[in-house]
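Note sheet for the following structure.
In this chain, numbering begins with 1 at the start of the sequence shown.
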Amino acid sequence: MSLKALPGKITHIGMVVPDIEKARQEIRNIYGPLPGLDFVYDFFPDTVWGPDGKKIPEKCQIRICMIDWVEGLKMELLQPILGSTEHDRFIREIGGGMHHAAYYVKEGFLEYRQLLLDQGARILFESETNDDRGYRRCCYLLCPHSHLVIEIAEPPKPFKR
């Protein structure tokens, strides 16, 4: 399958934050109660690759809160907890903030990834996870001129053994 453009709809924007509890309170103060704002979970990807394509050997953990923000668009708060990931680097070097626009793709994960690579994007972070939510992959790519970070992610599929 050859692709010429990303899907037409962004699924969420990701905000990397140094303190998810303070960020959740700030969002609550600005927008009031939003669906998803009270649910935080710890994400432990099975395998993580860094910008150089090498596996990150240490365990990684990212605390996540996925909020129904505005109609048709979610806001994801991410707090790096363990491991040296793109999220951790973003906190150290930038202090946090708007980090990425995400597209969930049910089909064509590798093709969308390749579409961005063919445009000169480089991989910042890639993961593969198989847990109680199911099997899924995600990849963050940095576009060379706009510096837009795009996440291509698969929604969880039935658990694979």
Side-chain angles (χ1 to χ4, degrees), residues 5-52 56-106 109 112-113 116 121-157:
L6 289 171
K9 183 178 178 189
I10 293 174
T11 307
H12 69 259
I13 57 126
M15 306 285 289
V16 179
V17 298
D19 185 321
I20 202 164
E21 294 309 315
K22 287 181 180 176
R24 288 173 57 231
Q25 187 58 51
E26 181 177 76
I27 298 298
R28 188 176 286 107
N29 292 343
I30 294 170
Y31 295 102
L34 295 171
L37 190 55
D38 292 326
F39 179 71
V40 176
Y41 67 96
D42 288 316
F43 173 58
F44 298 93
D46 294 327
T47 308
V48 176
W49 296 270
D52 57 3
I56 295 174
E58 70 263 19
K59 187 173 185 89
C60 294
Q61 176 186 359
I62 303 167
R63 192 155 290 146
I64 298 175
C65 178
M66 187 67 77
I67 305 160
D68 289 325
W69 184 30
V70 295
E71 188 173 334
L73 184 63
K74 294 181 182 288
M75 177 191 301
E76 177 185 42
L77 302 178
L78 303 113
Q79 178 186 350
I81 303 294
L82 291 173
S84 181
T85 66
E86 167 61 18
H87 308 92
D88 178 59
R89 183 203 62 78
F90 193 73
I91 290 289
R92 280 185 284 129
E93 294 179 12
I94 303 232
M98 171 62 185
H99 182 264
H100 67 273
Y103 295 87
Y104 284 176
V105 296
K106 291 181 180 177
F109 173 83
Y112 283 114
R113 180 181 174 276
L116 292 167
R122 68 181 175 89
I123 295 171
L124 296 176
F125 171 86
E126 203 164 7
S127 72
E128 181 178 60
T129 306
N130 195 14
D131 59 15
D132 59 346
R133 292 183 58 217
Y135 173 79
R136 61 208 179 276
R137 297 176 288 186
C138 84
C139 185
Y140 291 79
L141 299 108
L142 176 66
C143 297
H145 304 293
S146 65
H147 294 264
L148 177 63
V149 176
I150 296 175
E151 175 188 3
I152 302 298
E154 294 176 313
K157 297 175 181 153

Working for side-chain contact (heavy atoms from CB on, under 4.5 Å), residues Gln79 and Ile62: CA-CA 6 Å; Gln79 178 186 350; Ile62 303 167; 6.0 Å; no
Check for a donor-acceptor pair, side chain of [X] on one end and backbone N or O of [Y] on the other, with a separation under 3.5 Å.
X	Y	value
Arg136	Gly134	yes
Ser127	Pro45	no
Glu58	Ser84	yes

Are the side chains of [Y] and [X] in contact, using a 4.5 Å heavy-atom criterion?
X	Y	answer
Cys60	Leu82	no
Val40	Ile64	no
Tyr104	Ile152	no
Tyr135	Thr129	no
Leu34	Asp68	no
Pro35	Ile67	no
Glu86	Val48	no

Basic-acidic side-chain contact under 4.0 Å: Arg137, Glu128: no
Residues Arg28, Asp38: salt bridge by 4.0 Å N-O rule: yes
Can you name the closest pair of heavy atoms from [X] and [Y] and give their distance?
X	Y	value
Pro155	Val105	CD-O, 3.4 Å
Pro7	Tyr103	O-CE2, 3.2 Å
Thr85	Ile56	CA-CD1, 4.5 Å
Pro18	Ile91	N-CD1, 3.4 Å
Ala5	Tyr112	O-CE2, 3.3 Å
Pro156	Arg133	CB-O, 3.0 Å

Between Phe43 and Tyr41, ring centroids under 6.0 Å: no
Within this structure, what is the [atom1]-[atom2] distance for the pair [X] and [Y], rounded to the nearest 0.5 Å?
X	Y	atom1	atom2	answer
Leu6	Leu116	CG	CG	5.0 Å
Lys74	Cys65	NZ	SG	10.5 Å
Leu73	Thr11	CG	OG1	8.5 Å
Leu37	Gln25	CG	CD	8.5 Å
Phe44	Ile81	CZ	CD1	9.0 Å
Ile13	Leu77	CD1	CG	8.5 Å

Audit row: Leu78, His100, side-chain contact (heavy atoms from CB on, under 4.5 Å) steps and yes/no: CA-CA 11 Å; Leu78 303 113; His100 67 273; 3.7 Å; yes
Partners passing side chain to side chain donor-acceptor pair (under 3.5 Å) against Glu93 (at least two apart in sequence or in another chain): Arg89
More than 12 heavy atoms from other groups under 6.0 Å of CZ on Arg122: no
Flag for Tyr140-His87: side-chain donor and acceptor within less than 3.5 Å: yes
Distance-only donor-acceptor check, side chains His99 and Glu76, under 3.5 Å: no
Passing option when Met75 is tested against His12, Met66, Met15 for side-chain contact (heavy atoms from CB on, under 4.5 Å): Met15
Audit row: Trp49, Ile123, side-chain contact (heavy atoms from CB on, under 4.5 Å) steps and yes/no: CA-CA 9 Å; Trp49 296 270; Ile123 295 171; over 6 Å; no
